[in-house]
Each structure stands twice: as structure tokens, then as C-alpha cells.
Amino acid sequence: MFSLISSRLRSSAIAVAALGTTVALAAPAGLAQAAPNDTEPVAARAAGATQSTTTKAAVPAAWAAGTRAYLVITAPGGTSAVTGAITSNGGSVFAGYDAIGVIVAHSTSASFAASMRSVSGVQQVGATRTSDVPADAYNPALPANPAQSATTLTESNRWDMTQIKAEQAWAVTTGSATVKVGVLDTGVDDQHQDIAPNFNAADSASCAYGKADARTGAWRDVGTHGTHVAGTIAAAKNGKGVIGVAPGVKISSVRIAEPTSSLFFAENTICGFMWAGDHGFKVTNNSYYTDPWQFNCPDNLDQAAIIEGVRRAQVYAEGKGSLQVAAAGNSNYDLANKTTDSESPNDSTPVTRTITNACLDIPTELPGVVTVASQASGGAKASYSNFGNGVIDVAAPGGDGSTQVYSTLPGGKYGNMSGTSMASPHVAGVAALIASTNPTFTPAQIRDQLGAQATDRACPSDSRCKGTATKNGFFGEGAVDALKAVGGSTPPPGKYFENLADVTIVDNGTVESPITVSGVTGNAPATLKVGVDVRHTYIGDLKVDLVAPDGTVYTVHNRTGGGTDNIVQTFTVNASSEVANGVWKLRVNDNASQDTGKIDAWNLTF
């Protein structure tokens, strides 16, 4: 059962499971340009601004109706020279980042931006929103700390981890605890049983409204999205629930979504990148776009300032050793051939406007940021994923249709989502593994390794896909491969075999999916591992057999589980009497009507 999520999110659908039950749960709107369907507003309130800034000026004692936020940009180190002009022109300094020459100013004056643009030392000024700054910015509430549900769910193979060979990469490294990964998102439930072991509270904060708030819990989730992302990156390898791509690294939460709206304004992103640089994050994940403009155009004075402010913060973070990974977006839009934007501004009334390629989706299109497209199970471009030759860097599993990415949700729960929001954290996790095995690597070297070790995927027969077999608009330099990225071989010769092709399971019918095994000496082991990913809405209908090359049948599932959805599990089979080489088959027999599904993927490990 699924509910779908808004076009500003970079995730498209979610289902939640706790203690084996499944319920529908809508995810918050306002995350990066997700698949075009997330609609639930967020009711929880979040923490805002408490940190003193590098630019000293009085902050208004109380919120006033009509308060708008602006970026005032000077030369780096030059912010103090213009603070007096901010006050005299009807504004106040809310936050300042002198190292990059950016001030977040508030004003109720409609002429504030125009007046400040004529001040000596001011390079650019731009409004960051078309709506008022919420009163919560001046007296922020902490997000709720959800009650936790224990789980009986145990870790099992998942299609997305198999697809990027994460399970094999763990034989090389599960990641180093010295590597910090920042989740810039709606927040993270640090109490979750699968996140708590790897959570780094000391380097977590809220950056809602553009000023860091390090109060305990300010980083917590005001939705569900950030917790899901965090689990994909680094859920602990502890026998419970799920395992993240890099289960040995540390996760920090920097909440940049504002409560109620779940919007990610430019000042919030700037604060997040500055925090990442100052707190030693090796990687950040950014599954959002900077609201309220889906694309920021440099010929617009406000949007030009947004581009420049966020760009400077990204450069600062990268200069401090942090690589930014970002979702490409879920509008099925060609980012290399921009023509119109009909979704902006999303904090007031969107209008349709003509745009060009000079208009940027930020942060994903900023120089230095790794732009990630989404793949369905099996590796095809996800139907919703943005694309663009020269824009997409790499691709990763994000799910599509009924096959989604399973991860953590607040309150000890687990569930499914789809979107480039889900693809990006797979890449962030692989980047964290690279940083773990190569601790001296710079962000540029990690970025290069991601591309160099990706598996090439040529364009399908789709005229929208431009480029070569090694670099194109759908997959960039290819699909990330965790094993190759950390120095392993893919697949281990003669040991691991898989079939990712979908096979439809029909009512009252029998289907088979073959794997040809070669290069293995002698017989199969007594502990042959059979990884099964069968998507079906009533597994009590199913009998699942492993068929050896000589026709011997080994039953691994026989009509148990009742109305439970899906068989995603690794079975151990004593096949020591079987010659290893030959064609093995996974046979699925459906014994009833009404419910159907597919063999999504399966594998053998000798």
C-alpha cells in the first residue's frame, strides 16, 4: 500500500512497516524535487536559530509581519563594513558568514534590496523567498522526539544493495568510524535502533532559517525523509531491520527543512554547507532543491544572489574536505535542455516562465557537486528521474513503481520510498566507503573514483538519452559499484552470480529465472547462498524452488507467510551433491488467483 509524495521532494512514495505490519504514510513536501506526488504537510515544529554569527549586529527582539529574508553578499571578510547600512536601510542581521562574504538579513521594507544594492562594498543582494519568514525563526520549537517501536525485523538482502554490490564491498570495508557523513535534509531520528549506534550528535544541528542551532534534538526529523536517507547511508550492521551502504561510518544530521512547510531556502543550505565544512564532514547528502525556485536564473537579481551565496558555501565546504552528493530531481526533465519552469515559486503562487540552461537547479547543478540520477531495479532509468548529458555524473538505485527502496523511518519503523532522493544516499554511502579506504583522498579524488569505478550503462532505445556508452545523459559515467569503488573485483570470479531481469509471476502458473554458473571447481557448497527478491502481494500463494543443473529441486519457500508482501531473503541450501557449473534456475509456482507479482532479482553465492 503506497501514498505518493510532492514534486518538490526527491522521493515519490512511501510505505511504513513496524513489527511486521504495514501502513500508509505520506511523506513531507518540500524535499528536493521528488517524484511528482508527495503532498503531506508536516505538522511538527522544528528548532531554528540560536548560534552567534561571525557578523555582529542586533537581531530583532520580536518577529514582525511582512519580514522577508535576503542574502547580502560582499567580498569574503567584508561583511562587517556593511552591517551599518543594513540597519539604516530598515534591516537587521540574522546570520553572517564572513568567511564567504554572505549575510542573511531580515527586513520588512519593500525597498530594502534595492537600497542595499547601491551600498559601497555590497556585490549582490537577493530575496531568498516570496513569502514571509515564519515567526518560529525567532523562537524556534524543538521537533518532536518520537516514541520508539522495537522491531522483530531482521536484516536481509535487498535489491538495491545487491544492485550496487554493497554486500560484497563489506568484505573489504564497512566504513571507518572516522568518516563523518552529513545528512542535510528534514532531520534524522537519532533514537532509531538502526541509526543510534552510528549517530554523531556532537556534529549535528538545525540550520532552519539560516542560522545553526545545536540544541539537543534540534536536528530531529520534522518529516520522514531524512531518516530514510540516513538509513540507506549508514544503518548499523546489528542484525536488526536494514543495513546501510556504509554501516561503519558516522552519521550527522543537519536539518535544513523548515517546520510546517518543509521548504529548504537558500540561507538554510548555506548554513548547512558551512556547518559541513567546519565540522569535518567527508561527504554530505543533499536530496532536495533550494526553494522557492526550481531553477535559479542569473538574469534575475534575487536568483543570482541565491546562486552565488550557495555556490560560495559549497566551495567553502569542499575546500574544507567535504564532497557534496545531490539528487538530480524527479520531474523526468532534461536538465541539459531547459525550456520552461512551471513549479516556481513554490512558497507562494507558481507561474510558468521561459528559462535557459543558464538557470540552475541548486545545489545539484553547482560545480563540484555529484549529480545522481535514479535507476529502477534491474538498472533502467527510473521513469521519474531527471536526466541530461553533461549534467548527470552517476546513477544509483532509487526504485520505481512497486519496487522501492526500503530503509529506516522515525520511531523505530521501516518503510519504502522511491526517488532520486533514494538514489543519492546510495552514492553518498559509496563515497563514504571510498573515503574509508582512502583516508587522504580529496573531494575531487573521491568524485573521480565514483565515476571511474562505475559500471558503464549505454543509452537504451530512447531518443532523449544523448551521449556515449561510457558517459550519457541517463546514467552519466555509469551505475555506482561499491565493490569496485573500494578496490574489489566485480563480481568475484567464479563465486557470485546474479540475474536482475524481471520475470512476471502469473496466477496459477509456474515461471523460472536462470543463472549460468561457470568457473567454479567441483561441487556446490553445503552452504550455497540463494538470494531471493520476489515481489508479490500474497506470498502464501507461492512455492519457490532452486533447481540444480541436473534437475534436482530444493524448496526454499512453500506457501507460508499468508498475506505478507514479498520474499526478500537469503536462503542457505545444502547443494554439496550438485556439480556447481551449469544452469541453475529459480522456479516460482503461484497456486491461487487474484495476486500476482514478479521475480525481481536473485543470486547465488558459492
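What you see below is based on every heavy atom in this structure, not just the backbone, and it leaves out hydrogens, waters and symmetry mates. This one's a predicted model, so the numbers in the text were calculated from it and none came from an experiment.
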*asked:* The test is ring pair (Phe, Tyr, Trp, His ring centres under 6.0 Å); show your working for Phe281 and Phe273 and say whether it passes.
replied: CA-CA 10 Å; Phe281 295 174; Phe273 286 163; over 10 Å; no
*asked:* Please determine whether side chain to side chain contact (heavy atoms under 4.5 Å, CB included) holds for the pair Ser383 and Asn332, giving the CA-CA distance in whole Å, both sets of side-chain angles, and the decisive distance to 0.1 Å.
replied: CA-CA 7 Å; Ser383 60; Asn332 195 24; over 6 Å; no
*asked:* Before you tell me yes or no, could you show the steps for Arg255 and Val222 under side chain to side chain contact (heavy atoms under 4.5 Å, CB included), namely the whole-Å CA-CA distance, both residues' side-chain angles and the distance that decides it to 0.1 Å?
replied: CA-CA 9 Å; Arg255 180 171 61 82; Val222 296; 3.9 Å; yes
_Could you go through Tyr289 and Asn346, starting from their C-alpha distance and side-chain angles, then the distance that decides it, and tell me whether this counts as side-chain hydrogen bond (donor to acceptor under 3.5 Å, both in side chains)?_
CA-CA 11 Å; Tyr289 75 78; Asn346 62 16; 2.9 Å; yes
*Under the side-chain hydrogen bond (donor to acceptor under 3.5 Å, both in side chains) rule, what do Gln314 and Gln324 come out as? Steps first, then yes or no, please.*
CA-CA 8 Å; Gln314 196 293 118; Gln324 277 56 253; 2.6 Å; yes
_Candidate pair Gln163 and Gln375, rule side chain to side chain contact (heavy atoms under 4.5 Å, CB included), full reasoning_ = CA-CA 10 Å; Gln163 193 158 302; Gln375 293 176 284; 4.0 Å; yes
*Test side-chain hydrogen bond (donor to acceptor under 3.5 Å, both in side chains) on Ser109 and Ser111 and set out the steps.*
CA-CA 5 Å; Ser109 171; Ser111 61; 3.1 Å; yes
_Set out, in order, the CA-CA distance, both residues' side-chain angles and the distance that settles side chain to side chain contact (heavy atoms under 4.5 Å, CB included) for Lys381 and Ser374, then state yes or no._
CA-CA 6 Å; Lys381 172 191 170 296; Ser374 181; over 6 Å; no
*Step by step, would you call Glu365 with Arg311 a salt bridge (Lys or Arg N to Asp or Glu O under 4.0 Å)?*
CA-CA 10 Å; Glu365 287 194 274; Arg311 184 196 68 80; over 6 Å; no
*Check the pair Tyr209, Asp136 against side-chain hydrogen bond (donor to acceptor under 3.5 Å, both in side chains), reporting the backbone distance first and the verdict last.*
CA-CA 9 Å; Tyr209 311 114; Asp136 187 68; 2.6 Å; yes
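By the 4.0 Å N-to-carboxylate-O rule, Arg117 lies close enough to Asp302 to be salt-bridged with it. Salt bridge Glu477/Arg457: absent, no basic N to carboxylate O contact under 4.0 Å. The pair Asp334-Arg464 does not meet the salt-bridge criterion, since no charged nitrogen lies less than 4.0 angstrom from a carboxylate oxygen. Looking at Arg129 and Asp347, no side-chain N of the basic residue comes within less than 4.0 Å of a carboxylate O on the acidic one, giving no salt bridge.
With values rounded to the nearest 0.5 angstrom, Asn296 atom CG is found 9.5 Å from Asp341 atom CG. Atoms OH and CE, from Tyr97 and Met274 in turn, are 7.5 Å apart once rounded to the nearest 0.5 Å.
Of the listed residues (Asn89, Val93, Ile73, Val122), just one forms a side-chain contact (heavy atoms from CB on, under 4.5 Å) with Val82, and that residue is Val122. The one candidate from Val104, Ile306, Ile100 that meets the side-chain contact (heavy atoms from CB on, under 4.5 Å) condition with Ile270 is Ile100.
Annotation: side chain of Lys180 is not in contact with side chain of Ile251 (no heavy-atom distance under 4.5 Å).
Shown here for His225 and Ser421, the closest heavy-atom pair between the two residues is NE2-OG, 2.7 Å.
Under the ring pair (Phe, Tyr, Trp, His ring centres under 6.0 Å) criterion, Tyr70 pairs with Phe112, sequence neighbours left out.
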